[in-house]
Participant: 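The following block contains the structure, expressed as C-alpha cells.
Positions are given from 1 along the sequence.
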Amino acid sequence: MVDTQKPNRPAIPDDELQILLALSFLADECAEEGDADAGFRKLLHGLNRACAARRAGAEWGAELLNRYSEELIAFAARYCPRRVDDDLKPPSIH
C-alpha cells in the first residue's frame, strides 16, 4: 500500500485504513442504491471509531479523524447536495 500520509505525521495502521476504505465503498454503494442516509451513517460510524482511538491516546487518531472528516465532506458533496424548496427561495427583485 502506498503511504499518502503527510510528512511527520504518525502512520495510520493498515487495518484502520482498510476499514476506512471499506466504509467509504459501502457508503457510496448505499448512496448509489438510493439510500444516502445509510451511507452517511456508515461514515459516521467510522468517524466515531476514529474519535474513540484519539481519546484513547492513539498517536494516529487525529490523522484518522481528519481522513474520515474529509471523506464525510466529499460524500456529502457527491450525494447530499443542498436542496432549497421553492417557497424558501428569496423573492426575485424585478
Side-chain angles (χ1 to χ4, degrees):
M1 175 175 278
V2 176
D3 185 12
T4 59
Q5 307 256 46
K6 294 180 181 173
N8 302 321
R9 294 216 177 153
I12 299 170
D14 284 342
D15 60 332
E16 290 295 337
L17 289 174
Q18 292 300 320
I19 293 168
L20 170 62
L21 292 172
L23 289 175
S24 295
F25 176 80
L26 291 171
D28 284 340
E29 210 171 51
C30 287
E32 289 169 7
E33 291 173 1
D35 196 355
D37 289 345
F40 199 79
R41 285 191 303 272
K42 289 187 183 310
L43 292 172
L44 283 178
H45 172 73
L47 183 75
N48 288 331
R49 291 182 77 253
C51 285
R54 183 175 179 209
R55 280 193 307 271
E59 62 182 31
W60 44 265
E63 181 64 20
L64 185 60
L65 190 56
N66 288 337
R67 297 272 186 110
Y68 275 106
S69 296
E70 290 169 358
E71 186 59 33
L72 277 161
I73 291 166
F75 180 88
R78 285 191 306 272
Y79 299 112
C80 309
R82 174 176 276 167
R83 297 181 190 133
V84 179
D85 293 329
D86 286 335
D87 51 7
L88 295 178
K89 289 181 185 173
S92 34
I93 299 174
H94 297 271

Participant: Give the intermediate values and the outcome of side-chain contact (heavy atoms from CB on, under 4.5 Å) for residues Arg67 and Glu63.
Facilitator: CA-CA 6 Å; Arg67 297 272 186 110; Glu63 181 64 20; 3.5 Å; yes
Participant: Is Tyr79 reachable from Leu44 through a run of I, L, V, M, F, W or Y residues, each pair having side-chain heavy atoms under 4.5 Å apart?
Facilitator: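 Leu44 and Tyr79: one cluster.
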Participant: Nearest 0.5 Å please: distance from the CD1 atom of Ile19 over to the OG atom of Ser24.
Facilitator: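 It is 11.5 Å, given to the nearest 0.5 Å.
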Participant: Looking at CG of Leu20 and CG of Asp15, how far apart are the two atoms once the value is rounded to the nearest 0.5 Å?
Facilitator: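 One gets 11.5 Å once the value is rounded to the nearest 0.5 Å.
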Participant: What is the minimum heavy-atom distance between Trp60 and Ala11, and which atoms define it?
Facilitator: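 Closest pair (atom of Trp60, atom of Ala11, distance): CB-O, 3.5 Å.
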Participant: Would Arg78 and Glu71 satisfy salt bridge (Lys or Arg N to Asp or Glu O under 4.0 Å), going step by step from the backbone distance to the final call?
Facilitator: CA-CA 10 Å; Arg78 285 191 306 272; Glu71 186 59 33; 3.4 Å; yes
Participant: About how many Å separate CG of Leu26 and CG of Leu43, when rounded to the nearest 0.5 Å?
Facilitator: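 Spacing of CG (Leu43) from CG (Leu26) equals 9.0 Å.
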Participant: How many angstroms lie between atom CG of Leu65 and atom CZ of Arg55, to the nearest 0.5 angstrom?
Facilitator: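 Result: 9.5 Å between the selected atoms.
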Participant: Is there a side-chain contact (heavy atoms from CB on, under 4.5 Å) between Phe75 and Asp28 once you walk through the steps?
Facilitator: CA-CA 8 Å; Phe75 180 88; Asp28 284 340; 3.7 Å; yes
Participant: Nearest 0.5 angstrom please: Lys42 NZ to Asp35 CG, how far?
Facilitator: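 CG of Asp35 is found 9.0 Å from NZ of Lys42.
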Participant: Find the distance between CZ (Arg49) and CG (Leu23) and round it off to the nearest 0.5 Å.
Facilitator: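 Reported value, rounded in 0.5 Å steps: 7.5 Å.
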Participant: Return the minimal non-hydrogen interatomic distance between Gly39 and Cys30, and the atom names on each side.
Facilitator: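 Closest heavy-atom pair between Gly39 and Cys30: N-CB, 3.7 Å.
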